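In what follows, a structure is listed as structure tokens, so that the remarks can point back to it.
In what follows, chains are A, B, ... by sequence order, proteins preceding strands, each numbered from 1. None of the values given here were measured: they were computed from a predicted structure.
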There are 2 protein chains.
Amino acid sequence: MSVKTRSKESPEMYLKSIYQLGETDDLVAISALAAHLSISPVSATEMIHRMVSRKLVQHIPYKGIRLTEKGRKQALAVIRRHRLWERFLTDRLGLPWERVHDVACQLEHAAGPEVTEALAADLGYPRKCPHGNPIPTAEGEMPDPEGINLLELTPGEMARVEVIQPEDTEILEHLSSRGLALGVELQVIEIAPFDGPRTLSIGDRKVVIGKEMASCITVQPVSI
Amino acid sequence: MSVKTRSKESPEMYLKSIYQLGETDDLVAISALAAHLSISPVSATEMIHRMVSRKLVQHIPYKGIRLTEKGRKQALAVIRRHRLWERFLTDRLGLPWERVHDVACQLEHAAGPEVTEALAADLGYPRKCPHGNPIPTAEGEMPDPEGINLLELTPGEMARVEVIQPEDTEILEHLSSRGLALGVELQVIEIAPFDGPRTLSIGDRKVVIGKEMASCITVQPVSI
DNA sequence: CCTTAATTTAAGGTTTACCTTATAATAATC
DNA sequence: GATTATTATAAGGTAAACCTTAAATTAAGG
Ligand SMILES: [Mn+2]
Ligand SMILES: [Mn+2]
Ligand SMILES: [Mn+2]
Ligand SMILES: [Mn+2]
């Protein structure tokens, strides 16, 4: 048998976080990483040292960290597994898209390339996760995301929902309960003064969502 | 996010081992458990203490251990998940039955009841794993295994393969390469003197397998 | 009943991944 | 250039799972 549990889970979660934070800024502050992972900066620094010695990240003291090519490849592999499992959970098992993230966050650490690619094949090589995020290719390429933030729309404009971002069950269920989901077409009816809550028209329904919630949604404008 | 990795993996592997060893003997010796898990008896004892405090096992010093009702339920849940994931890997992803065990041994620790039951439903509530072992029910019942060991057959008898037991890739690939698989019909042609190797007829092929390998196979006799 | 073998406990170690509370070093700003 | 805020390191701790070696305890057989 053999138990010998030295789980790859934590380092893989660090890789994912660093990748995601690195999409906006080239160098990621360890404090930002620590906040993102809800751990203390000291603990994060400790782990970064371990990951530096494994050549997964590069650390420029007082500046920040950045994934090495090896780290980037591994991060993308984890993200690929995560999003493929999400698709599996929604497409094959019929679980709600608002709730698959946490399970996928466990499964993503459990299977190697053989299983991952068999899964991808079975799912028909999907290109996006159930929240609209692109699935990295087996070769380690991350497709460019498309669309603009809902906040950028002006009253009267119509758009289709492309991505619903922070994959937090609470937020997703809130949005889902208001009729927001991938592919839904909406129109901005009104923006309250001082960049306030948006009133949207979805189907025959009018919903009001705050600025915070609106910023979670990426859309593709459509002509009227 | 939150990493906070306190994986349930090790305790769950202990539960599975204790359950399996407990099928033959009521009380399981910690030394037997340690050997089964390839860990030292001292480490096993330590873990048993933790599991006793969690009311998963009962320990009768110098006699052995036994699962509590709570422990038995959890063990069966893990075994159910394991065997369902095995079915998924073979039936849905087309992976060879000789090689799905190790992956399932990772996946079994990753998903809760919601996913497990959705998976069971998707697979059509299978009753056996790809190696012929019964899948415990969601209610925590273990179906009785059927069949007799291949060693008990006498020359001339015909039988159908029902279970192939120690789920070790090496062994399974060895047997598979010799044409042995679930559902295969065979006839015992000859047993070498002193309870030696068996010569079997499988289809139009004659194969010789040692006593050790033969003992891995459970069969259902069929009339000629 | 006594010796032997199995079992348990004690003691001390390791690694990973977390924690807190300092203190030191550097970067950025006034 | 001195002050302030951020970042890093040092020091000491915890908990889970593993390890080894050695001593104590108990069960079982002769
Ligand atoms: Mn994860
Ligand atoms: Mn997603
Ligand atoms: Mn396992
Ligand atoms: Mn099996």
Side-chain angles (χ1 to χ4, degrees), chain A residues 1-18 21-22 25-66 71 74 78 105-106 108-110, chain B residues 1-18 21-22 25-66 71 74 78 105-106 108-110:
Chain A
M1 289 291 107
S2 107
V3 223
K4 309 281 157 51
T5 309
R6 50 134 164 30
S7 94
K8 320 156 293 172
E9 190 180 334
S10 269
E12 287 188 349
M13 291 304 284
Y14 276 73
L15 286 176
K16 270 195 353 181
S17 285
I18 298 166
L21 295 170
D25 317 87
D26 177 41
L27 279 172
V28 176
I30 293 187
S31 53
L33 174 65
H36 193 247
L37 290 165
S38 310
I39 60 177
S40 78
V42 179
S43 296
T45 305
E46 247 180 13
M47 177 65 105
I48 289 304
H49 289 333
R50 281 192 287 267
M51 293 175 79
V52 164
S53 76
R54 275 172 231 167
K55 307 232 196 302
L56 293 170
V57 305
Q58 180 191 357
H59 182 204
I60 302 169
Y62 295 100
K63 294 289 185 173
I65 55 176
R66 161 196 299 142
Q74 285 194 23
V78 180
C105 195
Q106 292 302 119
E108 69 190 356
H109 311 290
Chain B
M1 287 289 108
S2 107
V3 225
K4 309 284 157 50
T5 308
R6 53 140 167 12
S7 96
K8 321 157 293 173
E9 190 179 335
S10 270
E12 286 188 349
M13 292 304 285
Y14 275 73
L15 287 175
K16 268 195 357 182
S17 284
I18 299 166
L21 294 169
D25 318 86
D26 177 39
L27 279 172
V28 176
I30 292 187
S31 53
L33 174 65
H36 193 249
L37 291 165
S38 310
I39 59 178
S40 79
V42 179
S43 296
T45 305
E46 247 180 13
M47 176 65 106
I48 289 304
H49 288 333
R50 282 191 288 267
M51 293 176 79
V52 164
S53 75
R54 276 174 231 167
K55 307 232 195 305
L56 294 170
V57 305
Q58 181 192 357
H59 182 204
I60 303 168
Y62 296 100
K63 294 289 186 173
I65 56 177
R66 158 194 303 141
Q74 286 195 21
V78 179
C105 195
Q106 292 301 121
E108 69 191 355
H109 310 290

I need the [atom1]-[atom2] distance between [X] and [N], as an integer number of Å.
X: Leu37(B); N: dC19(D); atom1: CG; atom2: C1'; result: 15 Å
X: Met47(B); N: dT9(C); atom1: CE; atom2: P; result: 16 Å
X: Glu9(B); N: dA15(D); atom1: CD; atom2: C1'; result: 17 Å
X: Met13(A); N: dC18(C); atom1: CE; atom2: P; result: 11 Å
X: Ile48(A); N: dC18(C); atom1: CD1; atom2: P; result: 11 Å
X: Ile30(A); N: dT9(D); atom1: CD1; atom2: C1'; result: 12 Å
X: Glu12(A); N: dA17(C); atom1: CD; atom2: P; result: 11 Å
X: Ile60(B); N: dT25(D); atom1: CD1; atom2: C1'; result: 17 Å

*For Ala44(B) and for Ser31(A), locate the closest nucleotide of DNA chain D by heavy-atom distance; then report the residue assigned to the nucleotide nearer the 5' terminus.*
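Upstream on the strand: Ser31(A).
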*Toward the 5' end of DNA chain D, which comes first, Pro61(A) or Glu46(A), by nearest nucleotide?*
Pro61(A)
*Can you list the steps and then say if His109(B) with Met13(B) is a side-chain contact (heavy atoms from CB on, under 4.5 Å)?*
CA-CA 9 Å; His109(B) 310 290; Met13(B) 292 304 285; 3.4 Å; yes
*Do the non-hydrogen side-chain atoms of Val57(A) and Val28(A) ever get within less than 4.5 Å of each other?*
no
Just compare [options] and give me whichever is closest to any side-chain atom of [X].
X: Lys63(A); options: dA28(C), dC18(D), dA28(D); value: dA28(C)
X: Pro11(B); options: dA17(C), dT7(C), dA17(D); value: dA17(D)
X: Ser40(B); options: dC18(D), dA28(C), dT20(D); value: dT20(D)
X: Ala29(B); options: dC18(D), dT9(D), dT7(C); value: dT7(C)

_Side-chain donor or acceptor of Ser53(A) paired with backbone N/O of Arg50(A) under 3.5 Å_ =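 The answer is yes, because a donor-acceptor pair under 3.5 Å joins these two groups.
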Look at [X] and [N] and indicate whether a side-chain polar atom (N or O) is within less than 4.0 Å of OP1 or OP2.
X: Thr45(B); N: dT7(C); value: no
X: His49(A); N: dT9(D); value: yes
X: His59(B); N: dT8(C); value: yes
X: Arg50(B); N: dA17(D); value: yes
X: Lys8(A); N: dA17(C); value: no
X: Ser43(A); N: dC19(C); value: yes

*Which distance, rounded to the nearest 0.5 Å, do you find between the CD1 of Ile39(A) and the OG of Ser10(A)?*
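So the CD1 of Ile39(A) and the OG of Ser10(A) are separated by 7.5 Å.
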*asked:* I need the minimum non-hydrogen distance between Ala34(B) and Ala44(B), along with the two atoms involved.
replied: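 What the structure gives for the nearest pair is CB-CB, 3.9 Å.
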_Determine whether a donor-acceptor pair (one donor, one acceptor, N or O, separation below 3.5 Å) exists between the side chain of Tyr62(A) and the base of dT6(D)._
no
*Could you go step by step and tell me if Ile48(A) and Ile18(A) meet the side-chain contact (heavy atoms from CB on, under 4.5 Å) rule?*
CA-CA 10 Å; Ile48(A) 289 304; Ile18(A) 298 166; 4.1 Å; yes
